[in-house]
Each structure stands twice: as structure tokens, then as C-alpha cells.
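Working notes, structure below.
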Amino acid sequence: MNRIVIYLLILLVGNTAKAQAPSMQMTARQTGLPSFSITRVPDSSRFEKANLQKNKAVIMMVFSPDCEHCQQKIKEIMANIKLFKNVQIVMVSNLGYSYVKRFYQEFNVARYRNITMGMDYRYMLGNFFTIPGLPAMFLYNKNGQFVKAFDRNVPVQKIAAAL
């Protein structure tokens with residue numbers, strides 16, 4: 001019995017250490033902006049790649065409403081929203097729609113016209129990107145070409161500077 005408990009503890013500690021140190025590089029699998037279809041919050045309408053504004057840089061942000069790092073990053077973006085006035089930010093989560101909607105309301109995302117938030121039921125974007133941790137942000141230029149990926153540790157000023 002003691003061996004089983006020790007074995008389980010070793011597995012738990014090993015998995016925790018592995019979760020803290022990203023082992024893969026965050027990137028997009030192709031250079032072009034991926035096709036996607038999300039259920040937009042707050043009205044449950046569909047939002048797709050074709051709905052993006054033309055000739056405008058895009059940040060695809062994969063997040064989870066219950067992630068503290070994601071909550072901090074949205075606060076940082078909102079505090080520096082002027083840096084992103086010419087950028088369309090698409091925030092996507094695969095967590096349940098009600099959770100995403102609660103996040104949307106809690107952070108009053110409706111105030112920001114350049115932020116679109118939605119639920120990715122099919123996890124299309126999560127499969128398109130290599131994501132070792134959340135939040136994950138993928139910057140595309142105004143021509144829809146991949147520029148760079150950013151993790152939670154990158155300040156928003158550095159993300160804006162990459163535009």
C-alpha cells in the first residue's frame with residue numbers, strides 16, 4: 001500500500017513540474033491565418049475568418065475564463081488598449097459558453113470594439129496552434145500572415161511593438 005502511495009506522489013510531482021516548464025515552442029502550424037468559426041459572446045452569433053476586418057492586424061488569443069494568467073493578460077490589454085487601436089483581437093476559448101459569457105461580462109469586454117470573444121466548440125484553433133500554456137497569443141499582420149506567438153510572460157507593449 002505504501003508503495004502505491006509513493007508511486008502516485010512521484011507521478012503527481014513529476015506532472016506538476018512538467019506543467020510549469022513549457023517543453024514545446026508556441027507557434028502556428030501554417031503561415032496564413034487559419035479558417036475558424038466560433039460562437040460569439042454575448043449573442044451566440046457565428047464569427048468566422050471572413051468576418052475579420054480587412055487590412056487590419058489580428059491577434060488570436062486562446063484563453064480560458066478560469067485561468068488567472070488569462071485574467072491578468074486581459075486586464076493588461078485593456079489598460080493599454082490604445083496600443084491596439086489598429087488591431088482586431090479575437091479571444092477564443094473551448095470552455096463552455098456560459099463560462100466565456102461570464103468572463104465577457106465580468107471584464108466588460110463590450111466596451112472594446114476591437115475585441116471579439118467566443119467559444120470554439122470544435123477546438124479548431126487549439127488544434128491549429130501549438131500551445132504549451134495559456135494564454136497564448138498569435139499575431140498576424142494586416143495581410144493575414146503569421147508574425148509571432150506570445151505567451152503570458154510577454155508584456156503587451158512588446159506585443160504591440162511587433163505590429
Side-chain angles (χ1 to χ4, degrees), residues 11-12 14-78 84 87-107 109-110 112 114-156 158-160 162-163:
L11 281 176
L12 181 63
N15 283 340
T16 303
K18 192 167 139 182
Q20 298 300 319
S23 58
M24 65 177 95
Q25 182 179 356
M26 189 168 51
T27 189
R29 299 191 195 283
Q30 301 172 23
T31 59
L33 190 63
S35 293
F36 65 90
S37 179
I38 63 174
T39 303
R40 185 175 13 202
V41 173
D43 61 4
S44 298
S45 63
R46 299 305 292 163
F47 186 83
E48 300 174 339
K49 179 180 175 180
N51 300 118
L52 291 170
Q53 297 174 15
K54 304 293 182 217
N55 297 315
K56 204 167 200 182
V58 176
I59 294 176
M60 300 296 295
M61 180 175 170
V62 181
F63 79 105
S64 179
D66 61 353
C67 163
E68 289 182 31
H69 297 291
C70 300
Q71 294 166 9
Q72 284 303 115
K73 190 54 72 178
I74 190 65
K75 287 177 185 175
E76 188 182 352
I77 288 170
M78 290 174 170
F84 300 99
V87 180
Q88 187 167 0
I89 301 170
V90 180
M91 296 181 64
V92 180
S93 175
N94 71 324
L95 204 58
Y97 184 84
S98 61
Y99 295 104
V100 178
K101 188 171 183 179
R102 190 173 327 135
F103 184 96
Y104 180 87
Q105 292 167 337
E106 181 180 333
F107 288 94
V109 176
Y112 304 94
N114 61 329
I115 299 178
T116 300
M117 185 177 290
M119 164 73 186
D120 182 7
Y121 280 105
R122 291 182 256 150
Y123 200 59
M124 294 169 62
L125 294 170
N127 289 325
F128 181 82
F129 300 116
T130 302
I131 304 172
L134 295 177
M137 294 154 287
F138 301 88
L139 177 62
Y140 288 84
N141 65 22
K142 65 181 183 176
N143 299 318
Q145 295 300 303
F146 177 70
V147 175
K148 192 165 182 170
F150 300 96
D151 67 16
R152 67 182 181 225
N153 298 316
V154 179
V156 295
K158 187 170 181 179
I159 296 169
L163 297 171

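The first residue of the sequence shown is numbered 1, and numbering continues consecutively from there.
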Could you tell me the separation between the [atom1] atom of [X] and the [atom2] atom of [Y], rounded to the nearest 0.5 Å?
X	Y	atom1	atom2	answer
Leu163	Ile59	CG	CD1	6.0 Å
Asn51	Thr116	CG	OG1	8.5 Å
Met137	Ile131	CE	CD1	11.0 Å
Tyr112	Ile89	OH	CD1	10.5 Å
Arg152	Glu76	CZ	CD	13.0 Å
Arg40	Arg46	CZ	CZ	10.5 Å

Student check: side-chain heavy atoms of [X] and [Y] closer than 4.5 Å:
X	Y	answer
Leu125	Val90	no
Leu52	Leu33	yes
Ile159	Phe84	yes
Met91	Val109	no
Pro34	Tyr140	yes
Val92	Phe36	no

Item to check | Residue list, side-chain hydrogen bond (donor to acceptor under 3.5 Å, both in side chains) with Glu48, at least two apart or on another chain | outcome: Ser37

Checklist entry - With Phe129, which residues qualify under ring-ring contact (aromatic ring centres under 6.0 Å, His included), at least two apart? => result Phe138

Grab the two heavy atoms, one from [X] and one from [Y], that are nearest each other, plus how far apart they are.
X	Y	answer
Val147	Asn141	CG2-N, 3.6 Å
Met61	Pro135	CE-CB, 3.7 Å
Leu95	Ser64	CD2-OG, 3.8 Å
Cys67	Leu134	SG-O, 4.0 Å

Next on the checklist: Considering only residues two or more places apart or on different chains, which pairs with a residue in residues 92-105 satisfy side chain to side chain donor-acceptor pair (under 3.5 Å)?
Outcome noted: Ser44-Tyr97

Item to check | More than 12 heavy atoms from other groups under 6.0 Å of NZ on Lys148 | outcome: no

Quick one: does any side-chain atom of [X] pair with a main-chain N or O of [Y] as donor and acceptor, under 3.5 Å?
X	Y	result
Lys73	Val154	yes
Asp151	Asn153	yes
Gln88	Lys56	no
Gln71	Pro65	yes

Item to check | Steps toward side chain to side chain contact (heavy atoms under 4.5 Å, CB included) verdict (Ile74, Ile115) | outcome: CA-CA 10 Å; Ile74 190 65; Ile115 299 178; 4.3 Å; yes

